[in-house]
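We count ligands from 1, going down the list as the structure has it; atoms in each ligand are counted the same way.
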Amino acid sequence: MRILIVEDEPLLADGLTRSLRQSDYAVDCVADGATADHVLATQSYDLVILDLGLPQLDGYEVLRRLRHRGSRAPVLVLTARDTLEDRVKGLDLGADDFLSKPFELAELEARVRALIRRGQSGGGSLLAHGALTLDTAGRRALLEGEPLDLSARELGVLEVLMLRAGRVVNKEQLAEQLYGWDEEVGANAIEVYVHRLRRKLETAGVRIRTIRGLGYLLEKSR
Ligand code: CA
């Protein structure tokens, strides 16, 4: 799950980034509207948290351009003054939810979860590989109908492998799905997730094969 935070107050941006990363989201953060517009035009996110008062381009304009390009990514708008006029304008431009400052992090996180769920109920799908199914909207994997106990990152690895089953997936592709740009990706973090996932899938008849120097391949072992 990738989230873009667009916020020019460094303390708030930092606090949001840290708390969402603790919940295992891949978080990128930008501090002005022009950079946000550029990033949103070239990358895709599962959620955008957008401040309205921003240098260069304001949040309304960033939102207008995002929707104009046809993006349906959920957008949570942060407003300094919660006026009816702000909300009407935001809704007209395609905002999905509003939160007025100051707010509690717990409330922000609850709204983030709700928006991501809602965003996926339209685009979510059921991936299948042998006895294994992955519900991308419900964020869970099932083995012969029984839920598998996977962490958010293990689930992220499995999702990428299932989306590309039968093709080799390299570590960079996995890291891109799991981490924000400036997050330290430990040299062997991906290997650790793959290792754990491989163990949990051992009995499932699903094998993650390591292709030396290239990456990983999801196969059926029986
Ligand atoms: Ca601001």
Side-chain angles (χ1 to χ4, degrees), residues 1-124 137 139 152-153 156 175-185:
M1 290 290 106
R2 294 183 68 88
I3 298 179
L4 181 70
I5 297 174
V6 188
E7 172 58 67
D8 60 326
E9 285 171 42
L11 275 180
L12 180 56
D14 256 28
L16 289 180
T17 303
R18 212 163 323 135
S19 106
L20 290 169
R21 279 183 184 164
Q22 265 168 16
S23 304
D24 277 336
Y25 294 107
V27 181
D28 295 328
C29 190
V30 296
D32 70 81
T35 308
D37 185 50
H38 174 73
V39 166
L40 287 168
T42 51
Q43 310 209 21
S44 80
Y45 288 90
D46 300 292
L47 176 74
V48 182
I49 298 176
L50 180 65
D51 183 30
L52 286 181
L54 292 168
Q56 298 182 42
L57 287 182
D58 70 15
Y60 291 124
E61 183 58 20
V62 172
L63 179 57
R64 195 189 63 75
R65 294 186 187 189
L66 177 73
R67 294 302 185 225
H68 185 71
R69 285 189 296 268
S71 167
R72 295 172 57 194
V75 174
L76 171 60
V77 165
L78 304 181
T79 57
R81 11 161 233 145
D82 190 28
T83 64
L84 182 64
E85 193 195 358
D86 277 350
R87 283 181 182 245
V88 169
K89 190 169 175 191
L91 285 170
D92 281 346
L93 289 173
D96 297 277
D97 200 0
F98 296 85
L99 197 54
S100 57
K101 298 176 185 176
F103 50 81
E104 297 290 330
L105 280 176
E107 178 170 12
L108 177 113
E109 292 218 16
R111 299 213 186 186
V112 163
R113 285 193 297 274
L115 283 171
I116 286 182
R117 265 202 310 275
R118 213 190 297 162
Q120 287 181 329
S121 59
R139 305 306 303 156
R153 294 219 156 128
E176 196 178 301
Q177 185 59 38
L178 297 179
Y179 297 96
W181 317 307
D182 57 343
E183 264 183 286
E184 284 288 327
V185 182

Can you give each donor-acceptor pair under 3.5 Å made by side-chain atoms of residues 51-58, sequence neighbours left out, with the distance rounded to 0.1 Å?
from: Asp51; atom 1: OD1; to: Lys101; atom 2: NZ; distance (Å): 3.0
from: Asp58; atom 1: OD1; to: Tyr60; atom 2: N; distance (Å): 3.2
from: Asp58; atom 1: OD1; to: Glu61; atom 2: N; distance (Å): 2.9

Applying side-chain contact (heavy atoms from CB on, under 4.5 Å) to Asp92 and not counting sequence neighbours gives Val88
| message | Quick test of your reading of the model: are Glu85 and Lys89 salt-bridged, counting only N-O distances below 4.0 Å? | response | no
Report, one line per pair, each donor and acceptor closer than 3.5 Å where one atom sits in a side chain of residues 27-38; sequence neighbours left out.
from: Asp28; atom 1: OD1; to: Trp181; atom 2: N; distance (Å): 2.7
from: Asp28; atom 1: OD2; to: Arg2; atom 2: NH2; distance (Å): 2.6
from: Asp28; atom 1: OD2; to: Tyr45; atom 2: OH; distance (Å): 2.7
from: Asp28; atom 1: OD2; to: Trp181; atom 2: NE1; distance (Å): 3.2
from: Asp32; atom 1: OD1; to: Ala34; atom 2: N; distance (Å): 3.0
from: Asp32; atom 1: OD1; to: Thr35; atom 2: N; distance (Å): 2.8
from: Asp32; atom 1: OD1; to: Thr35; atom 2: OG1; distance (Å): 3.1
from: Asp32; atom 1: OD2; to: Thr35; atom 2: OG1; distance (Å): 2.7
from: Asp37; atom 1: OD1; to: Arg69; atom 2: NH1; distance (Å): 3.1
from: Asp37; atom 1: OD2; to: Arg65; atom 2: NH1; distance (Å): 3.1

Could you tell me whether Arg67 and Asp96 have a side-chain N and a carboxylate O separated by less than 4.0 Å? yes
Under 3.0 Å from the Ca ion (ligand 1), protein N/O/S atoms total 3
Student check: side-chain heavy atoms of Ile116 and Tyr25 closer than 4.5 Å: yes
